[in-house]
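Below is one structure, written out as structure tokens; the observations come after it.
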Amino acid sequence: MPHRSIHWFRKGLRLHDNPALLAAMKDCEELHPIFILDPWFPRNMKVSVNRWRFLIEALKDLDENLKMINSRLFVVRGKPAEVFPQLFKKWKVTRLTFEVDTEPYSRQRDAEVGRIATEHNVEVIQKVSNTLYDVDRVIAENNGKPPLTYVRLQTVLASIGPPKRPCSAPTKENMKDCRTPWKGSYEEIYGIPTLEELGQDPTKLGPHLYPGGESEALRRLDLNMKRTAWVCNFKKPETEPNSLTPSTTVLSPYMKFGCLSTRTFYWRLAEIYHGKKHSSPPVSLHGQLLWREFFYTAGAGIPNFNKMEGNSVCVQVDWDENKDYLEAWREARTGYPFIDAIMTQLRTEGWIHHLARHAVACFLTRGDLWISWEEGQKVFEELLLDADWSLNAGNWQWLSASAFFHQFFRVYSPVAFGKKTDKNGDYIKKYLPILKKFPPEYIYEPWKSPRSVQERAGCIIGKDYPKPIVEHETVSKHNIQRMKAAYARRSGTSGEQAPKSPSNKKGVKRKAPSVADLFKKK
DNA sequence: TTCATGGTTGTTGGC
DNA sequence: CGCCAACAACCATGA
């Protein structure tokens, strides 16, 4: 008996390397590829108009690519648990396929849909294709816990072996005995939504720098992979956070939506590396894909991963509530041009370089404003085209020195960090044109300029552009002490009277133990 | 149990 | 410009 299948697209908005879609087409007489506009998402998270546009474009591209193999995409409106019983009956469905998604809401949603499918005698097939590895297997191989260091992850992955190779995209041949019926009413019922239908204001859109969709993803991948020397020499920490055009691939939004398969990317890189000298993880492009894997594994295996409380790996820090500071950060009004330029790029373009994320995340949390990383996480979740639940939560914990990274005394300077790669402040001038007439010596610290310079620049600090909301040199020192106290509480001692550790002399590598070390429990 | 090692991406100031 | 030490000092891992 041939099957009547639904393939449910959620992430994984692509035809290439989509094993669940192929499974839907096997021994199939009728295929319905669907995407569900699930009201849970807009209800539980803000999504910028830029990311809605990206999603709409990805769906349009998916529909076009499905048309090429004699199929279509059906966009269904409603809650999955309410939608599926109707679709199962209407289309006499016998099989449901989708890609494994390890985010908490997705797991709960998919478990419920799985139960409903079983009640309707619908077979469910799930395939791993969002991550390089089955993250549950990685956790199992590591004694049931996600690796907390990158090196540990590498060890575990080495024992598993290389990731699977991608499977090829379906062709008309796969659809030979299978049809996707759609009628005249298709557009009204299953058409791709507009921004207006989604309640979005198109006049708020930023520049159209990163169009959504699989076709654009593969084009962008090809473009980047042509630069073989660049690919082989790629070292992430040496790329620039404040170049006027991105210094990295900007494939992250395409990976977030699954327009590009991580495995396809991985094996393309492997081909290019083959027989050549090349950089290695963690700094190489392969290394970047492993970082994604690292945070996906952590997000899948650590309960309450996007929160501080109830999160077993997260240091409990007494963050301040400070609406004014938070708003100033979010709205690019901190008075630190480098920070404000980054936040402006984020809001308008939806993508900022990884190191730029470091700078603003450190500034919001442990560096300067002492505001919870959860607040920053929410802002990034709204504004980033590539906002991905596990990566966003994991990186915020990293940057706030709450988990994974613990050297909280390494603080980014909102002034010095950007100067390293952009002495003239061209990046600042691009995103904060009000400052464009300041000379390079004051562009990172315009408040230090004499009144005459401000007048000549046509920008009075405190009037046309804000004064710094905090004094970095003072607050960052104070905050390091607060971090030290938070860590000390974690290990069950008081951090207040920690002795000054002796200064290192040449050849003397280790320090005297701190009070926290001496009084560690057990 | 203890302890050495290393950790993708800090800053400043001296040579 | 590159390199290095000093700054103050954390954790996870593995031997």
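A note on names: the letters A, B, ... follow the listed sequences, proteins ahead of strands, and every chain is numbered from 1.
- The interatomic distance linking A:Leu153 (CG) with C:dA12 (P) rounds to 16 Å, in whole Å.
- For A:His406, the listed nucleotide lying nearest its side chain is C:dA12; candidates were B:dG10, C:dA12, C:dA9.
- Side-chain proximity of A:Tyr150 to C:dC10, C:dG14, B:dT8: nearest is B:dT8.
- Between B:dT9, C:dA12, B:dT11, one nucleotide has an atom nearer to the side chain of A:Leu148 than all others, and that is C:dA12.
- In this structure C:dC3 sits in a base pair with B:dG14, meeting the Watson-Crick or G-U test at under 3.5 Å.
- In terms of modelled atom types and a separation under 3.5 Å, the side chain of A:Ser129 and the main chain of A:Glu99 share no donor-acceptor contact.
- Applying the 4.0 Å criterion to OP1 and OP2 of C:dA9, one finds that A:Gln481 has a side-chain N or O inside that range.
- Here A:Phe409 does not lie in a stacked arrangement on the base of C:dC10, lacking the combination of planes under 30° and ring centres under 5.5 Å apart.
- Nucleotides C:dA12 and C:dA8 have their P atoms positioned 24 Å apart, rounded to a whole Å.
- In this entry the distance linking NZ of A:Lys145 with P of C:dC11 reads 17 Å, nearest Å.
- Contact annotation for A:Val283: base contact, defined as any heavy-atom pair under 4.0 Å involving a base atom.
- Using a 4.0 Å heavy-atom cutoff across all strands shown, A:Glu238 reaches no nucleic acid atom at all.
- Look at B:dT9: it lacks any Watson-Crick or wobble partner with both distances under 3.5 angstrom.
- Residue A:His354 places its side chain closer to B:dT8 than to any other of C:dT13, C:dC10, B:dT8.
- Side chain of A:Glu57 to main chain of A:Gly212: a donor-acceptor pair is present (N/O by atom type, distance under 3.5 Å, no hydrogens or angles).
- At the heavy-atom level, A:Leu355 lies under 4.0 Å from base atoms of the strands shown.
- No contact: A:Lys477 has no heavy atom under 4.0 Å from any strand.
- A straight line from CG of A:Asn479 to C1' of B:dG10 spans 15 Å, rounded to a whole angstrom.
- Atom CD1 in A:Ile480 sits about 8 Å away from atom P in C:dA9, given to the nearest Å.
- Distance CZ (A:Phe408) to C1' (B:dG7): 15 Å, rounded to an integer number of Å.
- Contacts of A:Phe404 with the nucleic acid, taken as non-hydrogen atoms under 4.0 Å apart, are absent.
- For the pair A:Lys420 and B:dG10, the criterion of a side-chain N or O lying under 4.0 Å from OP1 or OP2 is not met.
- Atoms CZ and CG, from A:Arg165 and A:Asp17 in turn, are 12.0 Å apart once rounded to the nearest 0.5 Å.
- Distance alone, capped at 3.5 Å, places no donor-acceptor pair between the A:Lys420 side chain and the A:Ala416 backbone.
- Between the side chain of A:Asp101 and the backbone N or O of A:Lys11 there is no donor-acceptor pair closer than 3.5 Å.
- Here the separation of B:dG7 from C:dA9, taken at their P atoms, is 22 Å to the nearest Å.
- Across the P atoms, B:dT8 and C:dA6 are found 24 Å apart, a figure rounded to whole Å.
- Side-chain nitrogen and oxygen atoms of A:Lys235 include none within less than 4.0 Å of the OP1 or OP2 phosphate oxygen of B:dT9.
- Atom NE2 of A:His472 and atom P of B:dG10 are 13 Å apart (whole Å).
- The nucleotide whose nearest atom lies closest to any side-chain atom of A:Arg490 is, among C:dA12, B:dT12, C:dG14, C:dA12.
- With A:Tyr296 as the partner, the side chain to side chain donor-acceptor pair (under 3.5 Å) test is satisfied by one option alone out of A:Asp388, A:Thr131, A:Thr102: A:Asp388.
- Regarding contacts with the backbone of B:dT9, a side-chain N or O of A:Arg410 is found under 4.0 angstrom from either OP1 or OP2.
- Listed for the A:Asn18 side chain is a donor-acceptor partner under 3.5 Å among the backbone atoms of A:Arg14.
- Within the 4.0 Å cut-off from OP1 or OP2 of B:dG7, not a single side-chain nitrogen or oxygen of A:Arg152 is found.
- For A:His353 and B:dT9, the NE2 to C1' distance is 9 Å, given to the nearest whole Å.
- For the pair A:His286 NE2 and B:dT8 P, the computed distance is 18 Å after rounding to whole Å.
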